[in-house]
Amino acid sequence: QVQLVESGGGLVQAGGSLRLSCAASGRTLGSYGWGWFRQAPGKEREFVATINWWSGITYYTDSVKGRFIISRDNANNTAYLQMNSLKPEDTAAYYCAVRRQPDRVSDPRSYTYWGQGTQVTVSS
């Protein structure tokens with residue numbers, strides 16, 4: 001079992017920045033990657049970014065490319081999502097997750113463990 005705890009959400013004006021953190025505890029051995037997803041009210045959960053656990057290779061959804069950066073600190077079992085140039089449409093609950101398989105990296109069904117979510121609100 002892996003437990004995930006997100007932090008760093010909040011209220012920010014458009015154009016501002018936030019940094020989300022996700023701390024993992026438990027049996028992380030065998031994990032293939034971290035992922036960040038978001039879900040706005042009335043919408044489906046949406047893939048944001050993923051990073052390979054060992055290689056550090058990253059992949060982003062088009063709407064956040066050039067603005068968001070995903071990173072990880074394996075020594076501390078922590079992942080981060082640096083969010084810059086935030087827009088009102090980025091408003092959502094953000095969830096981190098851990099993937100136990102190497103492929104379908106943007107599919108939420110590929111992720112086994114999930115955090116409780118942290119709210120990000122961007123005002124215009």
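Predicted model, so just to flag it, every value in this text is computed and none were measured.
In this structure, OH in Tyr94 is found 7.5 Å from CD in Glu46, a value given to the nearest 0.5 Å. Atom CZ of Arg19 and atom CE of Met83 lie 11.5 Å apart (nearest 0.5 Å). Ile51 contributes atom CD1, which lies 12.0 Å from atom CH2 of Trp36 (distance to the nearest 0.5 angstrom). With rounding to the nearest 0.5 angstrom, the NZ atom of Lys87 is 8.0 Å from the OG atom of Ser63. The line from OG of Ser17 to CZ of Phe68 is 9.5 Å long, rounded to the nearest 0.5 Å. Taking CH2 of Trp34 as the start and OG of Ser71 as the end, the distance is 10.5 Å to the nearest 0.5 Å.
Closest approach of Ala24 to Thr28, counting heavy atoms only: CB-CG2, 4.0 Å. Between Trp54 and Arg72, the closest heavy-atom pair is O-NH2, 2.9 Å. Annotation for Ser7 and Thr118: closest pair C-OG1, 4.4 Å, computed over non-hydrogen atoms. Ser110 and Gln101 make their closest contact through OG-NE2, 3.4 Å (heavy atoms, listed as atom of the first residue, atom of the second, distance). Across every non-hydrogen atom of Ser124 and Pro88, the tightest pair is CB-CG, 3.8 Å.
Using modelled atom types, no side-chain atom of Tyr111 and backbone atom of Ser106 make a donor-acceptor pair closer than 3.5 Å. Using a distance-only test at 3.5 Å, with no hydrogens or angles considered, a donor-acceptor pair links the side chain of Glu6 to the main chain of Gln116. Judged purely by atom type and a 3.5 angstrom limit, Thr91 uses its side chain to pair as donor or acceptor with the backbone of Val122.
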Next item on the list: Take Val2 and Asn77 through the side-chain contact (heavy atoms from CB on, under 4.5 Å) test and state the conclusion after the steps.
Entry: CA-CA 11 Å; Val2 176; Asn77 279 341; over 6 Å; no
Next item on the list: Kindly indicate, with the supporting measurements, whether the criterion side-chain contact (heavy atoms from CB on, under 4.5 Å) is fulfilled by Ile70 and Tyr59.
Entry: CA-CA 9 Å; Ile70 186 171; Tyr59 176 64; over 6 Å; no
Item checked: CA sep, side-chain torsions, deciding dist, call: Tyr60, Ile69, side-chain contact (heavy atoms from CB on, under 4.5 Å) -> CA-CA 9 Å; Tyr60 300 88; Ile69 301 171; 4.0 Å; yes
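When the side chains of ILVMFWY residues are joined at heavy-atom separations under 4.5 Å, either directly or via intervening members, Phe47 and Leu20 end up in two distinct hydrophobic clusters. Both Val120 and Leu81 sit in one connected hydrophobic cluster of ILVMFWY residues. Membership requires side-chain heavy atoms under 4.5 Å apart, directly or through other members. Under a hydrophobic clustering in which Ile, Leu, Val, Met, Phe, Trp and Tyr are joined whenever their side-chain heavy atoms come within less than 4.5 Å, directly or via other members, Tyr80 and Leu18 fall into different clusters.
Between Trp53 and Val98, the closest side-chain pair of non-hydrogen atoms falls below 4.5 Å.
More than 12 heavy atoms of other residues, nucleotides or ligands lie within 6.0 Å of CZ in Arg100, so this atom counts as buried by the packing criterion.
Judged as a salt bridge (charged side-chain N to carboxylate O under 4.0 Å, His left out), and not counting sequence neighbours, Arg99 has no contacts.
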